[in-house]
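Before any comments, here is the structure.
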4 protein chains.
Amino acid sequence: MRLKDEHKLNAIIRATLELTNEKGLAGIRMSDLAKRAGIATGSLYTYFEDKQNLLLSVNRSVRSTAARYLRHQFREEDTLEHRLEHTVKRYVDYVGEHREAILFADLLKRSPYMTEAASQETMDHFQFLLDMVEEGQQSGMIRTGDPEELLHVMDSIVKAMVDFQLFHGRPYTKNIQQRTWGIVRSALIG
Amino acid sequence: MRLKDEHKLNAIIRATLELTNEKGLAGIRMSDLAKRAGIATGSLYTYFEDKQNLLLSVNRSVRSTAARYLRHQFREEDTLEHRLEHTVKRYVDYVGEHREAILFADLLKRSPYMTEAASQETMDHFQFLLDMVEEGQQSGMIRTGDPEELLHVMDSIVKAMVDFQLFHGRPYTKNIQQRTWGIVRSALIG
Amino acid sequence: MRLKDEHKLNAIIRATLELTNEKGLAGIRMSDLAKRAGIATGSLYTYFEDKQNLLLSVNRSVRSTAARYLRHQFREEDTLEHRLEHTVKRYVDYVGEHREAILFADLLKRSPYMTEAASQETMDHFQFLLDMVEEGQQSGMIRTGDPEELLHVMDSIVKAMVDFQLFHGRPYTKNIQQRTWGIVRSALIG
Amino acid sequence: MRLKDEHKLNAIIRATLELTNEKGLAGIRMSDLAKRAGIATGSLYTYFEDKQNLLLSVNRSVRSTAARYLRHQFREEDTLEHRLEHTVKRYVDYVGEHREAILFADLLKRSPYMTEAASQETMDHFQFLLDMVEEGQQSGMIRTGDPEELLHVMDSIVKAMVDFQLFHGRPYTKNIQQRTWGIVRSALIG
DNA sequence: TATGAATGAGTCTTCATTCAT
DNA sequence: GATGAATGAAGACTCATTCAT
């Protein structure tokens with residue numbers, strides 16, 4: 001793919017996220033998507049096979065961007081709690097600054113567009129988080145239970161916190177990081 | 001003359017919840033809804049003005065049923081923690097046994113069908129929960145912060161726990177109540 | 001038919017004329033008609049076989065009422081011009097006071113509801129007018145040409161005059177009679 | 001890319017006039033319209049926003065075509081009567097040759113599709129006729145009265161004459177022009 | 001006989017996808 | 001490859017007519 005195309009691809013992704021935010025997932029029309037991305041409707045089909053394929057691709061892009069954002073090279077001496085705290089806060093940050101992407105991914109997950117394969121693929125991106133939780137459980141720091149379940153809870157707390165903030169029109173600010181970590185920490189560690 | 005039928009109304013509500021679960025909110029067709037409810041398509045319009053009105057009505061029904069389920073007359077000597085625990089467990093129970101209703105409400109909340117008015121109306125049903133949280137904050141038991149925010153977090157934890165359970169095909173069992181209360185308790189009390 | 005039914009029949013006719021005036025012929029719903037007439041929708045079908053039958057019946061009623069209004073026993077010595085003038089003025093009067101009925105009949109005539117038979121039946125009501133025109137032509141007073149054609153022209157002039165008046169919101173007043181007769185007289189006599 | 005086509009637009013207009021003639025205004029189905037015009041149903045909506053918009057556009061087209069047909073550059077020395085006669089005869093001609101268009105416009109005028117704005121727009125096309133009538137009144141040639149009213153009468157006489165002819169299955173022939181002008185002349189001049 | 005809820009065929013309109021240019 | 005007009009299969013909604021009460 002040439003650079004020019006890369007540009008358009010990004011324009012399509014951005015348009016998808018924006019429109020989902022404005023009108024919900026069901027409200028997205030291919031024609032609107034194209035207009036917003038600055039291309040012709042028909043051109044969408046040179047990039048994606050169909051609408052489902054487009055949405056799943058956007059989803060993949062969003063997920064991998066998020067995973068890349070969360071990964072971090074820690075130093076040898078960083079404690080697990082330190083690493084967890086850093087990761088959670090970073091996640092809060094990501095959700096706050098990319099709420100459009102998060103909303104999109106959440107809506108897509110529950111929609112008829114989602115497939116089993118795509119769902120599994122998503123999990124793979126976040127394997128390192130699972131590893132972290134398991135490590136915590138082995139050392140006795142994190143409460144027992146299915147690590148995936150705890151991750152799920154963690155995820156939902158972060159989203160609930162940021163959502164609440166933004167839903168009420170308050171801008172995203174860094175101090176939510178601290179509050180959220182406080183709650184997540186208690187929830188995980190008990 | 002045939003009388004408008006409470007029975008049929010319930011059939012419509014049930015059909016809506018079932019179909020939403022199977023195909024998502026966007027996948028609901030009025031014709032399918034009617035078929036599932038055992039009536040003619042046109043008949044839906046003797047009960048509801050249009051599709052939006054139908055969905056919001058189902059939502060209202062679901063919410064008020066849930067609120068009724070959660071309310072409980074406590075005895076004078078019940079401590080706040082006892083009352084909280086009882087309420088949370090009951091909520092877990094409700095979510096577990098009515099996950100179709102819960103999924104429907106969650107999807108509708110994010111959909112273009114939702115209106116500001118209907119959204120506000122929903123909150124009113126759960127005022128008593130807010131009161132409980134505030135009481136806990138005044139006595140120093142519950143961590144500080146916007147009570148609505150904490151409620152939101154509580155809600156999302158419960159749903160995350162049950163969702164996870166059911167998503168993995170495991171049946172809903174009472175022991176999730178205990179685990180969930182453990183996490184919620186930690187999250188709220190810190 | 002009993003008196004009570006006669007009442008309802010009139011109510012239906014009145015409702016039909018009113019609604020046609022308000023919403024046009026195509027905008028008439030059987031349910032609205034019934035509501036306006038103060039009866040149940042289903043009851044319409046005990047009076048008329050179907051919608052077309054109802055509309056044609058109303059038309060028949062309107063036409064015969066008009067014909068009855070126009071007929072007049074003239075004295076032996078009344079000249080043809082006197083009789084013509086009297087009839088035209090009376091027609092102006094009728095159109096002015098029953099514009100709803102006139103509009104209804106005009107719309108129905110052009111609609112898919114009209115049948116050949118009903119159309120012919122209408123003409124019969126006004127045979128006496130044709131006779132009058134023919135008499136005038138034989139005496140050389142009225143210009144030559146197909147009598148039916150002249151009647152048609154006369155009819156359209158009267159309606160045009162009254163329509164214009166009412167369309168512009170001016171109330172119907174008797175002086176339109178004089179103006180209209182002036183024009184019709186010139187048109188017929190040349 | 002295919003370009004929006006003047007040709008197709010004309011096909012749609014023609015189809016609309018034809019179908020209105022065959023089935024009345026209320027009997028027009030978008031699907032039939034498309035079939036008759038030789039395009040797909042959905043394509044109608046690339047040319048017109050909705051059914052009302054389509055009908056009003058056809059009306060606009062019909063009206064302006066008629067107005068264009070009636071306008072004529074007269075010579076300095078042409079008397080008013082000559083100009084009137086020429087215009088009326090031309091109008092007879094137009095009505096005779098475009099009775100479908102005339103019927104359509106008449107039906108639309110009385111239908112729920114008509115709007116106040118579209119109605120006013122129509123009048124503007126025929127301002128030059130009003131001017132002619134007023135000029136005749138000032139010179140004492142045409143009888144007194146609201147010019148618009150006289151125009152209305154003139155219009156209705158012409159339509160009545162042609163309608164009668166065609167309704168009885170007789171072909172349109174030029175000699176109707178003479179007969180109609182005779183009547184209109186008498187009616188206007190008195 | 002009166003009622004008005006129920007029916008379902010019929011209509012307008014939308015929109016993912018195709019395709020001529 | 002890009003364009004956006006064209007397509008036609010849905011889907012929401014209407015309303016004349018039927019029918020259980």
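Not measured: the values here are computed from a predicted model. Proteins come first, then strands; the chains are lettered A, B, ... in the order of their sequence lines, and each starts at number 1.
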Length of the CG-C1' vector between D:L54 and E:dT13, whole Å: 13 Å
So, the side chain of B:Q52 versus the backbone of B:Y113: is there a donor-acceptor pair under 3.5 Å, distance only? yes
Measure CD/A:E49 against P/E:dT17 and give the value in whole Å, please. 9 Å
On the nucleotide F:dA5, are OP1 or OP2 found under 4.0 Å from the side-chain N or O atoms that D:K8 carries? no
B:Y45 OH - F:dA16 P separation (whole Å): 17 Å
Rounded to whole angstroms, how far apart are CG on A:N53 and P on E:dA16? 15 Å
Counting only non-hydrogen atoms, which of residues 22-41 of chain C are less than 4.0 Å from DNA chain E? C:I39, C:A40, C:T41
Base, sugar-phosphate alone, or nothing: which one does B:Y47 contact when heavy atoms must sit under 4.0 Å apart? sugar-phosphate
Give the rounded distance in Å between these two atoms: CD1 of A:I12 and C1' of F:dA2. 12 Å
Rounded to whole angstrom units, what separation is found between the CG atom of A:L44 and the C1' atom of E:dC19? 15 Å
Only counting residues at least two apart or in another chain, list the ones meeting ring-ring contact (aromatic ring centres under 6.0 Å, His included) with B:H125. none
Of all the choices, E:dA6, E:dA2, E:dT17, which nucleotide is nearest to the side chain of C:T46 once you look at every atom? E:dA2
Round to the nearest Å and state the distance from D:L55 atom CG to E:dT11 atom C1'. 14 Å
Is the count of non-hydrogen atoms from other residues, nucleotides or ligands lying under 6.0 Å from C:K35 atom NZ greater than 12? no
Nearest to side-chain heavy atoms of D:S43, which nucleotide of E:dT7, E:dC12, F:dT7: F:dT7
In dot-bracket form, how is DNA chain E paired, counting a Watson-Crick or G-U wobble pair only if both its distances are under 3.5 Å and using | for bases paired to another strand? .||||||||||||||||||||
To the nearest Å, how far apart are D:F48 CZ and E:dT14 P? 15 Å
Of D:T16, D:L108, D:I13, which is the lone residue that meets side-chain contact (heavy atoms from CB on, under 4.5 Å) with D:N59? D:L108
